[in-house]
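For reference, the structure discussed in these notes is given below.
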Amino acid sequence: MNHSRITGWGKYIPEKCLSNLDIEKFVNTGHDWIVSRTGIEQRYIANDDENCSMMAVKAIEKSLEQANRSASDLDLIIVATNTPDYLVPSVSSIIQHNLGANCPAFTVVTGCTGFMYALITAHQFLATGAYSCISIVGVDTISRFLDWNDRTTCVLFGDGAGAVVLEATNKPYGIISFDMGSDGAKGMQLAIPGFGSAVKMDHAMLNRGDQFLSMVGSDIFKFATRIVPPTIRKIVDAADLVLNDIALFVPHQANIRIIESATKELVIDKEKIFSNIHHYGNTSAASIPLCLIDIVAQKRVNIGDYLCLVSFGAGLTWASAIVRWGTHLD
Ligand code: UT7
């Protein structure tokens, strides 16, 4: 079996930064509430000329450059997003075309866990030897689907894209173990009800606000804190490691209190838990790759380190993986 390692990484963040103080000006909320309840201080919001495919292409191009690869080297592109350019065609084909790549491409829609689902899927293609070089991008423009009058959702999310290049290797790097799960019973607790075949697209739909993201925040909070400890234990055991062997825990950035509460039960040293939610807010499918890219930029990871990536979100879904860090530079 081949291993798979991350050989390139790149991000695209929209230019427009929206601070909590900016949001205070048009919604009944406050900087102190947002920071104390979520840890978020600011987020980036796509301008009209920035969309899902455009942000993804920019992030992938940077990741290819880092990996010393070009689009023509790609065997597959997997796009994780909940906010594609269109319902049809798939945004993955738009991205493939705009990159100038000549390979298959598909989109994964599993809420904030999309990047993890995509990474784990890509690993299977590399481990079997079917492919040798895959681009994975987590990208979301949730801002387009927010009701900017709804303080319970609009303060939480930000836009962005993070991409990695995953390549086959015989060295023992990459995904060592993983876990994925889905519990659709409570799926509508975090949903954009409009735009699909379940809802007729008419004025009534728009008047109800079905085009906007809706969320029962407290239930998602409970789900996340319940699911994170067992999925971490499962992958650490499966990798034949103990929690102390993990150099850095990289959780989905939805709420700093979820991260604290979910990791408290595992008694993890705070220094070993990465967070950048204060800077980006919740970027959904882009959350984990943006963490990875910041971790590398901040030199928080060394060759051979074990990273524990863990994500949860709409569906409801969860996904986690132990990744042994090793790039083409080692
Ligand atoms: O990426 C995966 C998906 N998302 C998540 O994982 C998010 C999970 N949920 C959460 O992070 C939290 O539940 C929230 C941040 C969404 C809400 O925090 P909370 O501590 O659970 O607050 P709450 O919903 O219990 O609301 C407490 C109060 C309410 O007022 P009353 O009813 O007590 O008077 C809300 O109306 O806070 C109020 N509130 C706000 N106040 C100021 C809710 N949003 C805001 C706001 N500014 N933005």
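We number each residue from 1, following the sequence as shown. Atom set for the values below is all heavy atoms of this structure, side chains included, hydrogens, waters and symmetry mates excluded. Both ligands and their constituent atoms are indexed starting at 1 by order of listing.
- Under 3.5 Å, the side chains of Thr225 and Ser261 contain no donor-acceptor pair of N or O atoms.
- Screening residues 94-106 for side-chain hydrogen bond (donor to acceptor under 3.5 Å, both in side chains) gives no qualifying pairs among residues at least two apart or on separate chains.
- Taking the six-membered ring for Trp, Tyr173 and His3 have ring centres at least 6.0 Å apart.
- Around ligand 1, the residues contributing at least one heavy atom under 4.0 Å from the ligand are Thr29, Trp33, Arg37, Thr38, Cys112, Arg151, Thr152, Val155, Leu156, Leu190, Met215, Gly217, Ser218, Ile220, Phe221, His252, Ala254, Asn255, Arg257, Ile258, Asn282, Phe312.
- Between Arg300 and Asp305 there is no salt bridge, since none of the side-chain N atoms of the basic residue sits less than 4.0 Å from a carboxylate O of the acidic one.
- A salt bridge links Asp22 to Lys25: at least one charged side-chain nitrogen sits closer than 4.0 Å to a carboxylate oxygen.
- Under 4.0 Å is where a charged nitrogen must lie from a carboxylate oxygen, and between Arg69 and Glu167 at least one such pair does.
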